[in-house]
Trainee: 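Have a look at this one.
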Protein chains: 2
Amino acid sequence: MQVLVVEDEQNIALAVDRGLRAEGFGVDIAEDGTKALGLIRHNDYAVIVLDLMLPGRNGYDVCRTLRAAGITTPVLILTAKDGEYDEADALDLGADDYLTKPFSFVVLLARIRALLRRSAPQRSPVLRAGDLWLDPAAHRCGRGDERLELTPREFGLLEFLLRHPDTVVSKTDLLAQVWGAWFEGDPNIVEVYVGYLRRKIDTPFGRSAIETVRGVGYRLDGKGG
Amino acid sequence: MQVLVVEDEQNIALAVDRGLRAEGFGVDIAEDGTKALGLIRHNDYAVIVLDLMLPGRNGYDVCRTLRAAGITTPVLILTAKDGEYDEADALDLGADDYLTKPFSFVVLLARIRALLRRSAPQRSPVLRAGDLWLDPAAHRCGRGDERLELTPREFGLLEFLLRHPDTVVSKTDLLAQVWGAWFEGDPNIVEVYVGYLRRKIDTPFGRSAIETVRGVGYRLDGKGG
DNA sequence: GAAGAAGCTGAGAGCCCGCTGAGAGACGCG
DNA sequence: CGCGTCTCTCAGCGGGCTCTCAGCTTCTTC
């Protein structure tokens, strides 16, 4: 877990360095913008802590250059409270969070952790079909306000259907995508699980989101039935 | 590409506004729920970014009202980490994604893009002949607003005819393409099924899309009869 | 106008497809 | 070890789809 600290004030840089190392991070220090960009180009940092007031190339420049180059590493900006840039600017120029000096190390640590948490695997948005919804990341689904308790297999099946709304998906596709291409059992399993699903997401609500297309497969109604 | 940002904190609203404009979005700002609903009623937004903590009508209300009105515009919820609503609630009340404050602009942008990507309807090519239409992917067909219920064989036959409008197709071709080259039964089956089709797509509408070309085959009128 | 060819249609048989209930096996948990 | 849950198999059933067949209508040709 590598962190780059771009800071020209020796005492601050040193304090942050020691503190982060004590917390188990690997730390690189750059005392100006040019060196910072060089390091960023050749290393993969988890977070960049960036002072705005730097000799030569300032933090503003660094941040823009970074983003322009398509680097999306989270950036935490350090601003002097009375500085010429304010918080709004910091976000505007592509930073992910900011901290005004003087700051407490505990707060800095907390912010860094928050950034790391956030840059963790991107959650995909919630899938919807009318009032029927499913959150792949949180592994939850429901109809309107009502939560639905699905088994893993049922969940996988519904997720696949929701990713192909208003399209007929063949049982062969379902078998391959939900059960896996290597599945060797009775293909009838698809019908069985569609049955289970209907009894949870449709029957209790008097709806019919999953339609049977005889001889072809199943279709999930994009409006939820 | 219009985005509505519902946010009462001036500096955040401004930063998001500027950031999104820089990315080429059109941005409207609403500082409370009532104004937001007013704007939504009269504009067609691609995405709505909605803070939950608002003066007056809160984000919770706005989202439910929206959904209750049948508006399906993707909603991205902003929640305070320590707020009274948590992320789980956001999904239940009809949001499509959520982000906890403080959030990074890069992440916000990525999430907005993800929502846009998902809400972009993947158009499947629909076959048409006048008001007669058939969607191969969804396996649906109809005449005008009226849905037609076809059996698989009827559907296959109509699909083939629609792919060769204003062209005479021989019964031999139909047999080979719709029934399969290996078909060994009575070729009369084509006439039988053309009959079935006519009774569903023509007779009830007083039309005649499928014309008989005696001694040659059938022709589907490209204007639907 | 008659005869034959081509196409249409109603009736019905058989069967395929999809649905369901019962239950066995695997697995995890207390 | 007992219990509950989940996954999957299996067999039966019910309905609708496909197809055959025979009789009828329409068109063509002489």
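These numbers were taken from a predicted model, which means no experiment stands behind them. Residue numbers begin at 1 in each chain, while the letters A, B, ... track the order of the sequences.
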Trainee: What is the distance, rounded to the nearest whole Å, between atom CG of B:Asp186 and atom C1' of D:dT20?
Mentor: 7 Å
Trainee: Is any side-chain heavy atom of B:His164 closer than 4.5 Å to one of B:Leu220?
Mentor: no
Trainee: Whole-Å distance between C:dT20 P and A:Asp202 CG?
Mentor: 11 Å
Trainee: Starting at CZ of A:Phe155 and ending at P of D:dC6, how long is that distance when rounded to a whole Å?
Mentor: 14 Å
Trainee: Specify the separation, in whole Å, of atom OH of A:Tyr193 and atom P of D:dC10.
Mentor: 15 Å
Trainee: Is any side-chain N or O of A:Trp179 closer than 4.0 Å to OP1 or OP2 of D:dT7?
Mentor: no
Trainee: Are there any protein N/O atoms within less than 3.5 Å of an N/O atom in nucleotides 23-26 of chain C, and if so, which ones and at what distance?
Mentor:
none

Trainee: A side-chain contact here means heavy atoms from C-beta on lying under 4.5 Å apart; do B:Leu197 and B:Leu150 qualify?
Mentor: yes
Trainee: Any salt bridge between A:Asp131 and B:Arg67, counting N to O under 4.0 Å?
Mentor: no
Trainee: Between D:dT7, C:dG21, D:dC19, which nucleotide has the shortest distance from any of its atoms to the side chain of B:Phe183?
Mentor: D:dC19
Trainee: Rounded to the nearest 0.5 Å, what separation is found between the CG atom of A:Leu115 and the CG atom of A:Asp96?
Mentor: 6.0 Å
Trainee: Kindly compute the distance separating CD1 (A:Ile77) from CG (A:Leu50), expressed to the nearest 0.5 Å.
Mentor: 4.5 Å
Trainee: CG of B:Asn188 to OH of B:Tyr193: how many Å apart, nearest 0.5 Å?
Mentor: 12.0 Å
Trainee: Once you round to the nearest 0.5 Å, how far does CG of A:Leu158 lie from CH2 of A:Trp133?
Mentor: 11.0 Å
Trainee: To the nearest Å, give me how far apart CD (A:Glu149) and P (D:dC6) are.
Mentor: 9 Å
Trainee: Are OP1 or OP2 of D:dT5 and a side-chain N or O of A:Thr151 less than 4.0 angstrom apart?
Mentor: no
Trainee: Does a side-chain N-to-carboxylate-O contact under 4.0 Å join B:Arg64 and A:Asp145?
Mentor: yes
Trainee: Expressed in angstrom and rounded to an integer, what is the separation of A:Ile189 atom CD1 from C:dG21 atom P?
Mentor: 15 Å
Trainee: For B:Glu154 and C:dT9, give me the distance from atom CD to atom C1', rounded to whole Å.
Mentor: 14 Å
Trainee: Restricting to ring-ring contact (aromatic ring centres under 6.0 Å, His included), what partner residues turn up for B:Phe205, sequence neighbours left out?
Mentor: none
Trainee: Measure all distances between protein nitrogen or oxygen atoms and nitrogen or oxygen atoms of nucleotides 17-19 of chain C, and list the pairs falling under 3.5 Å.
Mentor:
residue, atom, partner, partner atom, Å
C:dC17, O2, A:Arg214, NH2, 2.9
C:dG18, OP1, A:Gly215, N, 2.9
C:dG18, OP2, A:Lys171, NZ, 2.5
C:dG18, O5', A:Lys171, NZ, 3.2
C:dC19, OP1, A:Arg198, NH2, 2.4
C:dC19, OP1, A:Thr212, OG1, 2.7
C:dC19, OP2, A:Tyr218, OH, 2.5

Trainee: Specify the separation, in whole Å, of atom CZ of A:Arg153 and atom P of C:dC27.
Mentor: 14 Å
